[in-house]
Amino acid sequence: MSRHEDIRAGDAITLLASADPFEVTIIQCLRAAHRAATDGAPPPPCRLGRDFAELHDIIVAHALAPIDIRALGAPAVSPDEACLARTLRAATDGEREEALMAAFALLRPDIAFLMVPLAQELGLNLRRAALSRGHGSGAVRLH
């Protein structure tokens, strides 16, 4: 099994360096949305930036407990960030049950059910953006 398959199987992501590029992008986008929300700044002007800002707002408003989102340059990944990355990745890959189980760990059950299709759409848009920019790995920058 590759390192990325281990992460997808539920192993902890502790450092950004140990995550695959798609998960790194998800975590960085969530961190950027969190920073914009806490600073009162508008989200990035691109569609993905606005979508991540909306996802962030949903997560913060309906979390079971306060969500730990680290600073933009932090090398370590919080368990909440890893769970959110796992949720988006599973939803994007069509693994709806896995995405739902990960969402249950952080969100109210009624919101977790609604988050899976949103996470799938956002993940697919993120992959489309990466492909349109010629990044086969799934990494994309918002700025």
Side-chain angles (χ1 to χ4, degrees), residues 3-74 76-143:
R3 175 183 66 163
H4 304 306
E5 289 170 336
D6 292 342
I7 290 169
R8 292 186 60 209
D11 292 348
I13 303 171
T14 56
L15 296 173
L16 281 177
S18 69
D20 75 36
F22 186 66
E23 289 159 337
V24 169
T25 302
I26 292 168
I27 292 167
Q28 289 175 337
C29 291
L30 284 169
R31 288 178 177 181
H34 181 69
R35 181 173 179 168
T38 56
D39 292 348
C46 67
R47 165 125 189 199
L48 282 172
R50 290 190 310 269
D51 290 348
F52 269 99
E54 290 174 16
L55 178 68
H56 173 268
D57 293 346
I58 290 169
I59 292 166
V60 170
H62 302 288
L64 297 172
I67 300 294
D68 180 16
I69 299 178
R70 307 269 165 97
L72 280 171
V77 177
S78 76
D80 293 341
E81 291 172 326
C83 188
L84 290 167
R86 188 168 293 114
T87 301
L88 264 78
R89 175 183 266 311
T92 303
D93 291 346
E95 299 168 2
R96 298 176 62 83
E97 293 85 8
E98 183 179 332
L100 185 60
M101 295 308 292
F104 279 147
L106 298 175
L107 301 171
R108 292 184 359 220
D110 58 332
I111 301 302
F113 278 107
L114 297 174
M115 176 151 164
V116 173
L118 296 172
Q120 183 178 29
E121 182 179 345
L122 182 55
L124 290 172
N125 287 340
L126 190 62
R127 284 208 175 137
R128 260 186 235 109
L131 290 172
S132 70
R133 290 190 174 102
H135 302 288
S137 64
V140 64
R141 291 187 179 271
L142 292 180
H143 303 98

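The pair R47-E54 fails the salt-bridge criterion, with no side-chain N (NZ, NE, NH1 or NH2) lying under 4.0 Å from an Asp/Glu carboxylate O. The pair R31-E81 counts as a salt bridge, with a side-chain nitrogen and a carboxylate oxygen less than 4.0 angstrom apart.
Between the CG atom of L55 and the CD1 atom of I59 there is a distance of 3.5 Å, given to the nearest 0.5 Å. With rounding to the nearest 0.5 Å, the separation of CE in M115 from CG in L84 is 5.5 Å. Rounding to the nearest 0.5 angstrom, the gap separating the CG atom in L124 from the CG atom in L88 is 10.0 Å. Here CG of L107 is found 12.0 Å from CZ of F113. Values are rounded to the nearest 0.5 Å. In this structure, the separation between SG on C29 and CG on L126 is 5.5 Å, given to the nearest 0.5 Å. With rounding to the nearest 0.5 angstrom, the CG atom of L106 is 13.0 Å from the CD1 atom of I111.
Cation-pi geometry between R89 and F22 is not met at under 6.0 angstrom from the ring centre and within 45 degrees of the axis.
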- Message: Checking L30 against I26 for the side chain to side chain contact (heavy atoms under 4.5 Å, CB included) test, could you report, in this order, the C-alpha distance in whole Å, the side-chain angles of both residues, the deciding distance, and whether it holds?
- Response: CA-CA 6 Å; L30 284 169; I26 292 168; 4.0 Å; yes
- Pair D93-R127, side chain to side chain contact (heavy atoms under 4.5 Å, CB included): steps then yes or no: CA-CA 11 Å; D93 291 346; R127 284 208 175 137; 3.0 Å; yes
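When all heavy atoms of A112 and A103 are compared, the pair lying nearest together is CB-CB, 3.8 Å. Nearest approach of Q120 to A91, heavy atoms of both residues: CG-O, 3.2 Å. Contact record, L16 with A74: CD1-O, 3.7 Å, taken as the closest heavy-atom pair. The minimum heavy-atom distance linking A82 with V77 is given by the pair N-CG1, 3.7 Å.
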Please tabulate, for side-chain N and O atoms in residues 62-72, each donor-acceptor pair with protein atoms closer than 3.5 Å (sequence neighbours left out).
{"from": "H62", "atom 1": "ND1", "to": "R108", "atom 2": "NH1", "distance (Å)": "3.0"}
{"from": "D68", "atom 1": "OD2", "to": "R70", "atom 2": "NE", "distance (Å)": "3.4"}
{"from": "D68", "atom 1": "OD2", "to": "R70", "atom 2": "NH2", "distance (Å)": "3.3"}

